[in-house]
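The next block holds one structure in the form of structure tokens; read it before the comments.
These numbers come from a predicted model, not from an experiment. Note that the numbering runs from 1 along the sequence shown for the chain. The figures here come from the full heavy-atom set of this structure, side chains too, leaving out hydrogens, waters and symmetry mates. Whatever order the structure lists them in is the order used to number ligands and atoms, beginning at 1.
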Amino acid sequence: MGRLHTAGGIRAIGKKYDFRTAKRLGQNFLTDLSVVDQIVESSEAGPRDLVIEIGPGMGVLTVQAARAAGKVAAIEVDAKLIPILRETLAPYANVTVIHEDVLKTDLPALIERERILPDGTSAEQVRILGNLPYYITTPILMKLLEDRVGVQSITIMVQKEVAMRIAAPPGSRTYGALSVAVQYFCEIDYVVTVPKEAFFPAPKVDSAVIHLRLRTKPPVELLSEKLFFECVKKGFGQRRKTLHNALTGICDLDKEATGKLLEVCGIDPIRRAETLSLEEFAALANRLAQPGLHIR
Ligand code: SAM
């Protein structure tokens with residue numbers, strides 16, 4: 001087996017298995033071992049943990065994760081990579097390769113099935129990591145958060161621009177629905193910027209590693225999470241519009257009632273969603289959720 005973390009090694013393995021990287025599957029493999037180490041280290045995976053890896057590729061990250069964690073379950077969609085992974089990961093008895101589309105995986109069932117460690121005990125923590133396929137970063141992330149699969153952390157490589165959006169504070173140009181959703185569910189650490197040259201083939205843009213710690217308690221108290229996310233979605237649906245215009249129609253409120261809603265929440269109706277904090281979105285949602293407190 002060639003050296004997994006070099007362009008030459010990746011080419012040699014590709015030749016042996018008649019495998020060519022596919023752009024449509026976001027196959028940009030890591031060739032910088034220091035970045036691989038940084039992902040595994042920042043994931044905080046330890047010997048009592050189950051790690052779920054999304055998109056193992058040829059296994060460069062899987063090998064390091066298998067050394068650090070009690071067990072690794074690696075989910076890869078590309079059938080052509082499965083025999084390659086079987087060879088690269090053969091020395092590691094604590095790795096299971098799962099040939100599936102992560103967006104269709106029943107993660108709670110997978111965790112239930114895989115959480116027994118090689119010593120027969122149950123994993124104490126579950127951590128997710130991966131150098132994500134960029135064409136489906138947001139759906140993967142939202143699935144991991146919304147399914148509430150009971151994981152401690154998510155450590156992922158994403159496009160740098162997506163990492164900036166996720167970590168953006170209210171009022172900044174890149175703050176949006178994704179920032180609010182991730183910040184609601186997680187505490188965020190921006191670990192490191194990774195240049196294009198750290199991959200083979202090199203992507204068009206720079207990347208970044210972020211570490212997300214799932215909150216045990218939400219940062220705002222909500223009467224209805226569903227209404228909170230409706231306010232976020234509607235507010236950012238037309239982000240150039242004032243909140244008064246963007247929110248009109250929510251819960252069937254007409255323009256006047258929407259103005260009243262904003263007024264009772266102490267929010268200037270000419271502001272835009274990109275300036276609202278999580279607390280302000282929560283105030284709107286909680287007001288909308290209160291039975292009997294009619295705004296009209
Ligand atoms: N972990 C490897 C590395 O760092 O070199 C590969 C990372 S590469 C950016 C993304 C990987 O995700 C590819 O192996 C690709 O085949 C896989 N992938 C793409 N779509 C997927 C999906 N829907 N479910 C699971 N894996 C997927």
Does the N or O separation between Leu30 and ligand 1 drop below 3.5 Å for any pair?
yes

Rounded distance [0.5 Å steps], CZ in Arg173 versus CZ in Arg239
9.0 Å

Atom 20 (N) of ligand 1 - nearest protein heavy atom and its distance
Tyr135 OH, 2.9 Å

Is there a polar contact between ligand 1 and Met58, counting only N or O atoms under 3.5 Å apart?
no

From Asn28, Thr31, Asn131, Thr105 - option closest to atom 10 (C) of ligand 1 by heavy atom:
Asn131

His211 side chain to Thr155 side chain, donor-acceptor N/O pair below 3.5 angstrom:
yes

Number the atoms of ligand 1 from 1 as they appear, then name those within less than 4.0 Å of a heavy atom of Leu81, with their elements.
14 (O), 16 (O)

Among protein heavy atoms, which sits nearest to atom 9 (C) of ligand 1, and what does the distance come to when rounded to 0.1 Å?
Gly26 O, 3.1 Å

For the backbone of Thr105 and the side chain of Lys143, can you confirm whether one donor and one acceptor N or O come within less than 3.5 Å of each other?
yes

If we ignore hydrogens and angles and just use 3.5 Å, is the side chain of Glu76 paired with the main-chain N or O of Asp78 as donor and acceptor?
yes

Using distance alone, determine whether Gln27 and ligand 1 share an N or O pair under 3.5 Å.
yes

Counting both backbone and side chain atoms, is some N or O of Phe29 under 3.5 Å from an N or O of ligand 1?
no

Just jot down the ligand 1 atoms closer than 4.0 angstrom to any heavy atom of Glu100, in number order.
24 (N), 25 (C)

Below 3.5 Å, N or O to N or O, backbone or side chain included: is there any such pair between Val102 and ligand 1?
yes

Measure up the Phe229 and Tyr184 rings against each other and bin them: parallel (under 30°), tilted (30 to 60°), perpendicular (over 60°).
perpendicular

